[in-house]
There are 2 protein chains.
Amino acid sequence: MNIFHLEVLAAVAEYGTFSDAAINLEISQSAVSRAVASLEAELGVPLMTRGRFGAKLTPVGERVIGHSRKILDLKEQIDYEANLEKGLYNSRLRISSFRSAATHLLPANIARFRKQFPHVEVTLAELDPAGVEQSLREGQTDLGLIPLPRSEEFKTWEIARDEYVVLLPKSEPPPPKTLTWDDLSAYSFILFNYAECTSAVRDHWSRWGQSFDVAYVIKEDSTIVSMVAQGLGAAILPRLAALPIPAGVHVRSLPIRLNRVIGAAILASTPPAPAVRMFLDVLREQGKFAA
Amino acid sequence: MNIFHLEVLAAVAEYGTFSDAAINLEISQSAVSRAVASLEAELGVPLMTRGRFGAKLTPVGERVIGHSRKILDLKEQIDYEANLEKGLYNSRLRISSFRSAATHLLPANIARFRKQFPHVEVTLAELDPAGVEQSLREGQTDLGLIPLPRSEEFKTWEIARDEYVVLLPKSEPPPPKTLTWDDLSAYSFILFNYAECTSAVRDHWSRWGQSFDVAYVIKEDSTIVSMVAQGLGAAILPRLAALPIPAGVHVRSLPIRLNRVIGAAILASTPPAPAVRMFLDVLREQGKFAA
DNA sequence: AATTTCTATTCGCTTTCCGCATAGATATCC
DNA sequence: GGATATCTATGCGGAAAGCGAATAGAAATT
């Protein structure tokens, strides 16, 4: 059975006559006639009645055409996959990302992407968010991972949410499971001077009428985790940035939770390349599985 | 694109070599090689890698094969519809049914069935349930509509449920919306001497420790409805049997509801013919829509 | 009755598909 | 290292399928 013959059958059903179907398909009327006859011969049942009035599906033809249309849809999807592959072949995808997304979110997704599209060359640059933005503007980056929201010069998609957690040093008794603002007032804080985390934390506790002692503002997330482990203070930073968290450190949620929204971004003025669109699909599927 | 070529691709993916796929499809190895090459040429992408080790799908081949398998499934469904049509052509379906199912359930369903299968000749005989059973035994009926349950000599399917309702004559004030057994004790009853209705009703009120005056036992449902309208008593009978119910008669549920289960039946020893199976599908769909 | 419009079929040609035979490459065996 | 086995790719020739142009036949329209 030839899929084009199914397309002919569908066209006759839609246009009502062999002649009109022929015009629309840009083949001759006799080709239409023989295509339908060929299907009927192969299946052994009449799919259409026809005469001077044109052509109409028989009852069994109605049942067959439903399946035929689905076959034509699937053929379109096969063509789409082939065209996508041709469009992606020997293309590249340059990703820039701030550190914890680069470390924790991207590697597995890049692996899954490359398994489907092995001919796309993927590069990953770790930059702070301002650097990601600049690289996008300069055309050095195809897709950036940055915190949201962002200005309208970028088109963005939310990819993940990362909770700001409180890291507390080992203590007897251990800190309560659920922290209050009063519990936090006992600590000096080490804040994370990266990807707008310090300002996000200060804005958050200000919004709830709180203010806490900030003893350090540190750029290195691993350093922050070590300092907490050594009892130098408590820290508030995104969970992904804190990973891996050693056993001697307690992790708690803030009294009122704060999330960092991680987004994928391109320049709003640039239509996304096929590789970008396919990678965004992979990222979205990841979010779906994580949910 | 030729659907058989998709079948070849699927076979190679399954068996791992062109040679093994050829053996299983009962074509030559060179035909397999050219079928796969033909698909690749048409789509413009390589679907398989191959060599002395045999053949494996490429990543785009993996994506394409998913759609291809669905196309093959749909082709099977098209073949099934064609074979069904051939099997049904010039066949007949002889239905026997007790009266109210014959009057109310079957006509619309027979119409829907014949719209899909216009070459099946359908006959409908109205018989009481014992007559339906006998006609099935004698091979004069292909499918019977009878109350359930039934003996194991029949294979049955539940098709519908029909509530036994109380018909009450016009009165001032009208009878309460919800009847109690006490309410019923005020009436003489007219019972329906058809399709085991009388015994079903007597069994029901006995099961609940009740017993009521039975003034008449009548075979004609329309006569029963008239007698109630004229104030000769109350009636208990299946709702379908009572239709159409005139305005001057009140319809109420029994204090404890009773349903008649209407089933479709064939002889257990006889595999159902294609026409029977298709008609059962139509009856099941009706139940689905009614739900 | 003539004309128009629909589908079916013939003719001749092109394209596609197939099996047989074999070339070429590579893994396995001795 | 050479012989053998096993895989896929391709040439050849024939059969089958598909196509457009032309035309036959039937039925609706004018």
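The chains referred to below are lettered A, B, ... by the order of the sequence lines, with proteins before strands, and numbering in each begins at 1. The figures here come from the full heavy-atom set of this structure, side chains too, leaving out hydrogens, waters and symmetry mates. Because the structure is a prediction, the values reported are computed rather than measured.
Residue-level contact check: Ser30(A) touches the bases, meaning some heavy atom is under 4.0 Å from a base atom. In this structure, Ser33(A) reaches the bases: a heavy-atom distance under 4.0 Å links it to at least one base atom across the strands shown.
Protein chain B contacts DNA chain D over a range whose 5' and 3' limits, counting nucleotides with an atom under 4.0 angstrom from a non-hydrogen atom, are dT6(D) to dC12(D).
dC18(C) atom C1' lies 15 Å from atom CD of Glu26(B), rounded to whole Å. Rounded to whole Å, atom P of dC17(C) lies 9 Å from atom CD of Glu42(B). Atom C1' of nucleotide dT10(C) and atom CD of Gln29(A) are separated by 14 Å, given to the nearest angstrom. Phe53(A) places its CZ atom 14 Å from the C1' atom of dA8(C), with the value rounded to the nearest Å. For Phe4(A) and dT16(C), the CZ to C1' distance is 15 Å, given to the nearest whole Å.
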TODO: Step by step, work out the side chain to side chain contact (heavy atoms under 4.5 Å, CB included) result for Tyr89(A) and Val45(B).
DONE: CA-CA 10 Å; Tyr89(A) 204 88; Val45(B) 294; over 6 Å; no
TODO: Quick one: do Leu127(B) and Gln134(B) satisfy side chain to side chain contact (heavy atoms under 4.5 Å, CB included)? Show the steps, please.
DONE: CA-CA 10 Å; Leu127(B) 301 171; Gln134(B) 191 59 20; over 6 Å; no
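Annotation: side chain of Ile3(B) is in contact with side chain of Leu72(B) (closest heavy-atom distance under 4.5 Å). A 4.5 Å side-chain heavy-atom check between Arg150(A) and Glu133(A) finds at least one atom pair inside the cut-off. Between Met48(B) and Phe18(B), some side-chain heavy-atom pair lies under the 4.5 Å cut-off.
A salt bridge links Lys75(A) with Asp79(A): the closest approach of a Lys/Arg side-chain nitrogen to an acidic carboxylate oxygen falls below 4.0 angstrom. Between Lys70(A) and Asp73(A) there is no salt bridge, since no side-chain nitrogen of the basic residue lies less than 4.0 Å from a carboxylate oxygen of the acidic one.
Nearest-nucleotide positions on DNA chain C place Gly51(A) closer to the 5' end than the other of Arg34(A) and Gly51(A).
The base of dG24(C) has none of its N or O atoms less than 3.5 Å from a complementary donor or acceptor on the side chain of Arg52(B).
Note on Arg50(A): every side-chain N or O is 4.0 Å or more away from OP1 and OP2 of dC6(C). Checking the phosphate oxygens (OP1, OP2) of dC17(C), a side-chain nitrogen or oxygen of His5(B) falls inside 4.0 Å.
Only at 4.0 angstrom or more do the heavy atoms of residues 56-64 of chain A sit from any atom of DNA chain C, so none qualifies.
A side-chain donor-acceptor contact under 3.5 Å links Ser30(A) and Ser28(A).
Atom CZ of Arg92(A) has 12 or fewer heavy atoms from other residues, nucleotides or ligands within 6.0 Å.
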